[in-house]
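Reading through the structure tokens given below for one structure.
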Amino acid sequence: MFKKLLVANRGEIAIRVMRACRELGVPNVAVYSDVDRRSMHVRYADEAYRIGPPPAAQSYLNIQAILDVAARAGVDAIHPGYGFLAENAAFAEACGAAGITFVGPSPQAMRSLGDKIEARRLMRHAGIPTVPGTDEITDPQAAIAAAREIGYPVLVKAAAGGGGRGIRRVESEAELRDALAVASGEALSAFGNGGIYLEKYLAPVRHIEVQIIADRHGNVVSLGERECSIQRRHQKMIEECPSPIVNERLRDRLTWAAITAARVAGYENVGTAEFLLDSDHNFYFLEMNTRLQVEHSVTEIVAGVDLVAEQLVVAAGRRLSYTQESLPRRGWAIECRIVAEDARHNFVPSVGAVSFAREPAGPGVRVESALYDGFEVSMFYDSLVAKVTAWGRDRDEAIRRMRRALSEFKIAGIETNIPFHQRVLAGDEFQRGDLHTGFVQEHFDGVVEPPPGDRAAALLAAALLTVRRTPVMRRQEVTPDGSSWKGRARSAQARAAGWRTGGWRSSSR
Amino acid sequence: MALKLTLDLDGVSHEVEVETSSGGNRIRLGDRWYSVELEATGRPNLYSLLVDGRSYEVYAEGRPGGWDVLIGVDVFSVDTGRSRGARERNGGIAPPTGVWLLRSPLAGIVSDVRVQPGDAVGQGQVLLVVESMKMNNELSAARAGRVAAVHVGAGDRVERGAALIQVE
């Protein structure tokens, strides 16, 4: 096993990786930008070093700064988490050149799969169906002609994209012209590569993906599928394992396709083959994600494995610790991504400080987060603040548990999409498992109104707090013992502990 | 002692009368009286609230002119009447005529300004793009008009509520 591992990431995923390190006895190193000095991943780590100012390009995407820290701290492995440098082949190569193990696939596999256009070609040749579309767009006129042939709507996608980033749906030629410019800009700023291509927009479809893991000894194992059809603006919001639509026959075919994809790419470590599934159960390869996914926890829970620990095992050159046959599949798991976006106001990003946070717990509930009181949601990074996963013996129990868990999740100071999740989970369509990628657009009609009792309770609490805050001199008249007003003032303040303690705290800092 | 208050929540005014005594608090909301206990928990701003025996956990933060009260997963923004109408969001509702100011609904960096002073704009037309959390957020005109002023340029960092573009 490794003697020391650096986590080139932040937030909940950095902590997730460090947890596996602690269990395996591998000392771990955090890196941070200036805005993350106080963050949980820094506090959790065994060692932590600054890598630069807040913009990701100067910190979490700064390969040289990260490798400098790696050398200084003497690490022999780097885990990239997801996002940032996780699918950056140049980074994986630079790690190799520095004699450090990159926990992930080889740079060659990352290159061929990370370029979505090349990946599509590779899969077609292996006999895996792909979504109708184009190769790389070099000329807007050619793109417009191709779109005419494919038929609108089409998706404009970043060749170096993935994880739902850099995708635009366009309905018409006029929109396509605008979108080509914006998508290319987004792709360039997010991935350092402005390459884009077109794909037919298939609807209605489900998003089904298959988790695989491969070792250096030719073993490839599928850990089953996830359904990630509940998306907003191409961002997955709710994921589950297994999928309510996939039967054993379809599962066998998906497993074959995912394992074949891994083999033709010479894949090692964890990866995810993403597919679209149409209403006739035809599936189309979408892309292969060459990293740990945000939603890996639902698979871990159902398959009973620690995917991050297993990543370290295979990255260290050992054999997979299980075979396809030895993997159990137990019950159902659902994940909700909690993001700092205001579900009541068209999901506008909510930047600011979390003044109070309490995460759910209890049977079957798992939370991954980096939240703390005072946590700052920064405009510099993505808006994920926590992931809640609920497990049940069956889908119904998992949903019930998730609804209970969400009702326990308290966050003050920022707005989140928890009310969105509550609305979706409460709906018949979701509970029936009747899902597709347009589900949110079709069924999400605003958040659930809070119970009227809560509204009254809020008014009553505010009334009492306001009275307690009114000047002490006015409350003086009820003093029966004629004590001095100063003494009364102090006890009145003590009674009003809530807001006054807040004021005192800030003045004593 | 009794105190009368007017509280506003979501645009609705509520008459409230508060009676505090050593025996507890009685509060009239509309025409109904409630027995109310609000107990500090030791964690600043966090309370246990009992309303006629019904139990709530309440997180309440004071702000100028009112309280933000978290119950369950919902935040109720209660105004105590002093600074009503002071809060403006998303540029407010556009009046049918006259001047309308586009304010930034979020903090971020202006990545693209699509209009210039003097431009005629149609309703729904994208005026400006603000990048935040790796997403381009297109801000569009709430109604048709003519651009009177552009207060920001590409590359500018803007806070939530910042004045961006004036349309008349």
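A note on names: the letters A, B, ... follow the listed sequences, proteins ahead of strands, and every chain is numbered from 1. No experiment lies behind these values; they were computed from the predicted model shown.
Around atom CZ of B/Arg157, no more than 12 heavy atoms belonging to other residues, nucleotides or ligands sit under 6.0 Å away.
For A/Ala456, the parts lying under 4.5 angstrom from a heavy atom of chain B are both the backbone and the side chain. In this structure, chain B has a heavy atom under 4.5 Å from the side chain of A/Ile418, while its backbone stays farther away. Proximity to chain B (any heavy atom under 4.5 Å) is shown, for A/Val447, by neither the backbone nor the side chain. Contacts between B/Arg32 and chain A at a heavy-atom distance below 4.5 Å are absent for every atom of the residue. Neither the backbone nor the side chain of B/Glu17 comes within less than 4.5 Å of any heavy atom of chain A. Proximity to chain B (any heavy atom under 4.5 Å) is shown, for A/Phe356, by both the backbone and the side chain. Using a 4.5 Å cut-off between heavy atoms, A/Ser407 contacts chain B through its backbone alone, with no side-chain atom that close. Of the atoms belonging to B/Leu49, it is side-chain heavy atoms, and not backbone ones, that fall under 4.5 Å from chain A. Only the backbone of A/Ser378 has a heavy atom closer than 4.5 Å to any heavy atom of chain B. Only the side chain of B/Arg114 comes within contact range of chain A, judged by heavy atoms closer than 4.5 Å.
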request  = Give the C-alpha distance, both sets of side-chain angles, the deciding distance and a yes or no for side-chain contact (heavy atoms from CB on, under 4.5 Å) between B/Val16 and A/Leu459.
outcome  = CA-CA 9 Å; B/Val16 179; A/Leu459 285 163; 5.5 Å; no

query = How far apart are the C-alpha atoms of B/Thr20 and A/Arg468, what are their side-chain angles, what is the distance that settles it, and do they pass the side-chain contact (heavy atoms from CB on, under 4.5 Å) test?
reply = CA-CA 10 Å; B/Thr20 56; A/Arg468 287 179 185 177; over 6 Å; no

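Across every non-hydrogen atom of B/Leu5 and A/Ala463, the tightest pair is CD1-O, 3.8 Å. Of all heavy-atom pairs between B/Asp74 and A/Pro450, the closest is OD2-CB, 3.3 Å. When every heavy atom of B/Ser132 is checked against every heavy atom of A/Val351, the shortest pair comes out as OG-CG2, 4.4 Å.
Note on B/Asn25, B/Val75, B/Val58: by heavy-atom pairs under 4.5 Å with chain A, the leading option is B/Asn25. Contact tally against chain A (heavy-atom pairs below 4.5 Å) for B/Ile109, B/Val51, B/Leu29: the top residue is B/Leu29. The greatest number of non-hydrogen atom pairs below 4.5 Å with chain B, out of A/Asp178, A/Asp373, A/Thr416, is found for A/Asp373. No other option in A/Ser189, A/Ser350, A/Pro419, A/Gly453 has as many heavy-atom pairs under 4.5 Å with chain B as A/Gly453.
One finds the CG atom of A/Leu465 at 4.5 Å from the CH2 atom of B/Trp67 (value rounded to the nearest 0.5 Å). The CG atom of A/Leu460 sits 12.5 Å away from the CZ atom of B/Arg54 when rounded to the nearest 0.5 Å. Note that CZ of A/Arg455 is 4.5 Å distant from CG of B/Asp10, once rounded to the nearest 0.5 Å. One distance of note links CG of B/Leu70 with CG of A/Asp454; it measures 10.0 Å at 0.5 Å rounding. The CD atom of B/Glu57 sits 10.5 Å away from atom CD of A/Glu408, with the distance rounded to the nearest 0.5 Å.
B/Val73 has its side chain out of reach of A/Leu406: every pair of non-hydrogen atoms, C-beta onward, lies at least 4.5 Å apart.
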